[in-house]
Number of protein chains: 2
Amino acid sequence: MTSPGHPEETTPASPPVVPPYDVYCEACPTRLVLDRLADKWVVLILGRLALRPMRFNQLRRDIQGVSQKVLSQTLKKLERDGLLHRRAFATVPVTVEYSITPLGETLAARIAEIARWAEQHIEAVMEAQRRYDAAGAR
Amino acid sequence: MTSPGHPEETTPASPPVVPPYDVYCEACPTRLVLDRLADKWVVLILGRLALRPMRFNQLRRDIQGVSQKVLSQTLKKLERDGLLHRRAFATVPVTVEYSITPLGETLAARIAEIARWAEQHIEAVMEAQRRYDAAGAR
DNA sequence: CCGTATCCTGTCAGATACTG
DNA sequence: CAGTATCTGACAGGATACGG
């Protein structure tokens, strides 16, 4: 081939190893979970229920912008995955309480790590965006 | 109703507290990053480039199922965010190499944590799904 | 109060063809 | 090889209304 002789001045002292993860088959476990997290409401709901159990309309009010339909769908998916628990009480107007499961808590903890990363590095990201946009504008 | 005394036979030594994260305004840093991760291709590309630098069509072949257009769009977004680096060599057929940046590596490490969670807990999730589906089918 | 059903709209990914 | 441009269809999700 051409052997362009590219120098490697980048990556000075960054953590050298990022554990490889296998997500390249459509049906592998990792892929399934990542696809679930691709739903932003999932992240919001898990984060909320990680703090305390909540009722349906309470969640709805709390998470601004989610529609009844989507909230319902998402809660059902998460219940199916065993990440949260649904309890219905046969009160006069029916009362439903959603709570996070131990399994869901362990995932929420990982998500919180991502959130922390975001807070720590958002400035670097926005700085990069500014530079990119400035370079593209000329 | 209260104090259900739910047994915790799962999660033997999981961290009891999930740090709250703030993603409930549309424009806050965390939300922006999570929205970016909501793109499944982002996760696949970062995971791939975390292993080694790659060329465009190399990535395309490696990540089965991604279209030229979407790969191009996604790479551009990630470059804009400063998560990966693009180098073009003026060879006869132009050669472009994408590599992960130190910043991108730190994020890829967090993503790998999620992937590891998926591998560890996929059985519990699938078991929960089976139970849910069985209960719903009758 | 807690959802489901229906309609309707915008978004976005795939296919295809073309350029440097 | 490394993209860009355009068209099109599928599908997610909002609004609304209704049922348990």
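First the proteins, then the strands, lettered A, B, ... as listed; each starts at 1. Quick caveat: nothing in here was measured; it's all calculated off a predicted structure. Only heavy atoms go into these numbers, but all of them, side chains included; no hydrogens, no water, no symmetry mates.
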Query - Those residues that, when tested against A/Arg61, pass side chain to side chain contact (heavy atoms under 4.5 Å, CB included) (two or more places apart) - result: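 A/Arg61 satisfies side chain to side chain contact (heavy atoms under 4.5 Å, CB included) with A/Asn57, A/Gln58 only.
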Query raised in the report: Just the endpoints, please: which first and last nucleotides of DNA chain C, 5' to 3', lie under 4.0 Å from a heavy atom of chain B?
Result: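 Both ends considered, the range comes out as C/dA13 to C/dG20.
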**Report entry** Reported CG-to-CG distance for the pair B/Leu78 and B/Leu46, which is rounded to 0.5 angstrom
**Finding:**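 Output value for this atom pair is 5.0 Å.
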Query raised in the report: How many angstroms lie between atom CZ of A/Arg60 and atom CG of A/Leu71, to the nearest 0.5 angstrom?
Result: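 That separation rounds to 7.5 Å.
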Under a 4.5 Å cut-off applied to non-hydrogen side-chain atoms, are [X] and [Y] in contact?
X	Y	answer
B/Tyr21	A/Arg116	no
A/Leu103	B/Val125	yes
B/Trp117	A/Val33	yes
B/Gln73	B/Trp41	no

Determine whether a donor-acceptor pair (N or O, by modelled atom type, separation under 3.5 Å) exists between the side chain of [X] and the backbone of [Y].
X	Y	value
A/Thr95	A/Thr91	no
B/Thr101	B/Leu83	yes
A/Tyr98	A/Leu84	no

Query - DNA chain D base-pair string [pairs: Watson-Crick or G-U under 3.5 Å; |: paired with another strand] - result: ||||||||||||||||||.|
Requested in this report: Identify, residue by residue, the members of residues 66-77 of chain B with a heavy atom below 4.0 Å from DNA chain D, and return them in order of residue number, or none.
Outcome: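 Those residues whose heavy atoms fall under 4.0 Å from DNA chain D, taken from residues 66-77 of chain B in numerical order, are B/Gln68, B/Lys69, B/Ser72, B/Lys76.
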Requested in this report: Scan for salt bridge (Lys or Arg N to Asp or Glu O under 4.0 Å) pairs involving residues 43-54 of chain A, sequence neighbours excluded, and state none if there are none.
Outcome: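 Listed by first then second residue: A/Arg48-A/Asp62.
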Report task. Walking along DNA chain D from 5' to 3', note the first and the last nucleotide with an atom under 4.0 Å from a heavy atom of chain B, and give both. Result ->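 Both ends considered, the range comes out as D/dC1 to D/dT6.
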Query raised in the report: Base, sugar-phosphate, or nothing for B/Val94, non-hydrogen atoms under 4.0 angstrom?
Result: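 Base: the residue B/Val94, judged by heavy atoms under 4.0 Å, touches a nucleobase.
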Query raised in the report: What is the nucleic acid contact for B/Arg60, judged by heavy atoms within less than 4.0 Å: base, sugar-phosphate only, or nothing?
Result: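 No contact.
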Query raised in the report: Got a salt bridge between A/Glu113 and A/Arg110, using NZ or NE/NH1/NH2 to carboxylate O under 4.0 Å?
Result: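 No, no charged N to carboxylate O under 4.0 Å.
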Query raised in the report: Does the distance from a Lys or Arg side-chain N to an Asp or Glu carboxylate O, for B/Glu127 and B/Arg130, drop under 4.0 Å?
Result: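 The answer is yes: the pair qualifies as a salt bridge.
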